[in-house]
Every structure is written in structure tokens, then in C-alpha cells.
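Everything numeric in this text was worked out from a predicted model, so none of it was measured.
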Amino acid sequence: GLDTAASAPLDAKAESSLMKGVSISPEGGDTNPALYGLMAEMTWRSEKPDTGEWLKEYAKRRYGKENYERAKKEIDASWSTIHQTAYKEFVYQGPFQTLVCARPQIEGAMARVWGTNNKPYRTEEFFSVWENMLKAAEKMDTLTPQFEYDLVDVTRQVLADVSGEYYNKITSLYKAGDRDGVLLYADRMVKLCDDMDQILATNRSFLVGTRLAGARSRGVTEAEQDAFEKRERTFLGIWLEDTPGDKGLEDDCNRHLAG
């Protein structure tokens, strides 16, 4: 979690005379900007920061001083809750996954092999983040692109968390033989996916097209552009291309994207 990112590099440095700095090799470096922002700072720090205070200063830089002062109460409350929920701890190889990305099955669905559906907080705990972000938006004069990104990201996370609740209901109702109940929650799950797609489509950072355009921009010739696009589609889709029989990394990306 965030607190680990603020302490682990310093702990490692204290235990080794050979450590010279901190490097990051992220598979998802275009997500979780707060986490990676703090981690990048740690190479320059000699003491662990107060993560609660760090988040306040981070929000001020990210949304602009005037915006922050206008909605300080709501912004601070939002990031405090994020700190105690989504950033509390990573229970299994990074962030927990969501059922929106899992292949449909009645029981035991997983978005990817190397992950977990068990998040370290209750779904309803995260609702206040979304509510406070909406209230903050009403108080701001001009929304920064960073705030707009975070608002979409928080909304996405709320829906993703609810998807897990719906899935658990589908499984329990199926075991109880409640056909109508299963169909009811299956319909809610489909509508939730539609809602998420509409929300994500409001921001370029969450569009498949943005990812594909970025991939093609890396190539010089048309053949190179096609190759980069194919690789990006593979990462976003099945992940594996050359070893289709290997299920260990199947659907390892499982991003929430529109398009």
C-alpha cells in the first residue's frame, strides 16, 4: 500500500550499504499516479513522509491551489478514505482485481490468475470518496485535467467494487435455486458494465483508441505501426500471443477501458 511505498525503500537502504537509489519497473505505470508519484520521490528522501499530509500536498499540486482551497474539506476527505481503503494494503501482487474483467462463470471467476478478488475494505466504504469528489467539483472554478481523470477513476472504482457484490449475489442465488434472483442480478451486472463504459468514454485516458494511437506512434514505417498496434491489442486483450496454451498470464492486463 501507500505506507509501504513510503517506508520500504528507506528500510531497504538502511539494511544495505550497496543500495544507491530507487527504480520502478511498473507494468501499469499509467495508473495510480499518487502511488507512483510517492514512490518516485523516495529516491530523494532520507526520512519517511507522513503519508496523510503528503496526500494533501499532492492533491493541492494536482488540482491547483485555488481549487484545493475551495474544496479542501471534500478533497482531504476523499484522499483520506482512499488512503484507508484502496491504498491501505496490496494483499496479493499489487492491487486487487474486479469482476467486470473476469470471464463469466457461476462461481470462482477471476480476472487474472495472479490476483485476488478480496479487497481490504468493504465496498460501501469507498462510496464517500465518489460523493466528496462530486461535491468538490461543484465548488471548483475550473476542473483540471488531473481532477477530471481522478473523478472518472474513482467512479470507475466504485462501479468495479459493486460488480463484486453483484457477482457474489449471483453465485449465492444460483446455489439457492433462485432463478429469478440470478437473472435480476445478472441484468444489473450487464447494466453496470454499460454504465462503466459510458463513464470511461468521457475521458481520453480511458479510451482504447488512445492506447492504440499511442502504440502506432512508436512506429516509423506502416509495418512497424501495425506491429505495435497488434502488440497493444494483445496486451489489452488476451495478453499472450505466442504461447496460447499458457494460462498463467492469460488476461493479465484486464484494464477498464472504453471502446
Side-chain angles (χ1 to χ4, degrees), residues 1-7 9-10 22 24 26 28-90 95 121 123-162 195-207 209-211 213-214 255-259:
L2 198 69
D3 291 329
T4 300
S7 61
L10 298 177
V22 176
I24 306 174
D30 58 335
T31 62
N32 289 313
L35 177 65
Y36 286 115
L38 175 59
M39 189 67 185
E41 283 188 19
M42 293 311 299
T43 192
W44 310 107
R45 290 182 175 272
S46 58
E47 295 182 357
K48 176 184 176 180
D50 181 318
T51 46
E53 291 301 314
W54 185 90
L55 283 170
K56 292 178 182 180
E57 291 299 315
Y58 169 82
K60 185 185 297 185
R61 297 192 302 271
R62 189 165 175 80
Y63 306 148
K65 182 179 179 180
E66 291 185 1
N67 279 340
Y68 178 77
E69 293 301 333
R70 288 180 178 180
K72 184 178 187 301
K73 177 182 177 182
E74 291 78 12
I75 293 173
D76 286 351
S78 291
W79 281 100
S80 177
T81 302
I82 293 174
H83 185 196
Q84 298 302 321
T85 53
Y87 282 161
K88 182 178 180 179
E89 60 179 319
F90 297 151
Y121 62 90
T123 295
E124 56 270 24
E125 289 183 80
F126 206 80
F127 291 169
S128 66
V129 179
W130 184 49
E131 294 168 350
N132 279 312
M133 291 288 279
L134 290 174
K135 291 178 181 178
E138 294 177 353
K139 293 185 175 182
M140 295 179 179
D141 183 26
T142 302
L143 304 184
T144 66
Q146 293 85 353
F147 181 86
E148 291 177 340
Y149 175 97
D150 289 348
L151 181 57
V152 171
D153 202 22
V154 164
T155 306
R156 173 205 61 77
Q157 187 63 57
V158 169
L159 292 174
D161 288 349
V162 172
D195 288 342
M196 182 181 285
D197 197 60
Q198 291 184 46
I199 291 295
L200 295 173
T202 65
N203 191 286
R204 290 179 56 83
S205 296
F206 295 93
L207 296 178
T210 301
R211 299 293 298 260
R255 299 288 183 88
H256 297 139
L257 297 170

Please report the closest heavy-atom contact between [X] and [Y], naming both atoms and the distance.
X    : Y    : result
Y149 : T31  : OH-CA, 3.9 Å
L38  : A5   : CD2-CB, 4.4 Å
A258 : L200 : CB-CB, 3.7 Å
L257 : S205 : CD2-O, 4.4 Å
D141 : R70  : CB-NH1, 2.5 Å
I24  : A40  : CD1-N, 4.0 Å

Result of checking N32, T51, T4 against Y87 for side chain to side chain donor-acceptor pair (under 3.5 Å): N32

Given side chains that start at C-beta, do those of [X] and [Y] come closer than 4.5 Å, heavy atoms only?
X    : Y    : answer
F126 : I82  : yes
W54  : H83  : no
K135 : N132 : yes
F206 : I199 : no
D150 : R62  : yes
F127 : V162 : yes
L55  : L2   : yes
I75  : K139 : no

Full working for side chain to side chain donor-acceptor pair (under 3.5 Å) between D153 and Q157: CA-CA 6 Å; D153 202 22; Q157 187 63 57; over 6 Å; no

Crowding at NZ, K48 (>12 non-hydrogen neighbours, <6.0 Å): yes

Atom CZ of R45: over 12 foreign heavy atoms under 6.0 Å: yes

Pair K72 + E69: basic N to acidic O under 4.0 Å: no

Within this structure, what is the [atom1]-[atom2] distance for the pair [X] and [Y], rounded to the nearest 0.5 Å?
X    : Y    : atom1 : atom2 : answer
T155 : L151 : OG1   : CG    : 4.5 Å
L134 : E131 : CG    : CD    : 8.0 Å
F147 : Y68  : CZ    : OH    : 13.0 Å
M133 : E74  : CE    : CD    : 11.0 Å
T85  : E125 : OG1   : CD    : 7.0 Å
L10  : M42  : CG    : CE    : 4.0 Å

Test log, rule salt bridge (Lys or Arg N to Asp or Glu O under 4.0 Å), inputs E57 and K60: CA-CA 5 Å; E57 291 299 315; K60 185 185 297 185; 3.7 Å; yes

Any donor-acceptor N/O pair, N67 side chain to T142 backbone, under 3.5 Å: yes

Qualifying residue, where the test is ring-ring contact (aromatic ring centres under 6.0 Å, His included) with Y58 and the options are W79, Y36, Y63: W79

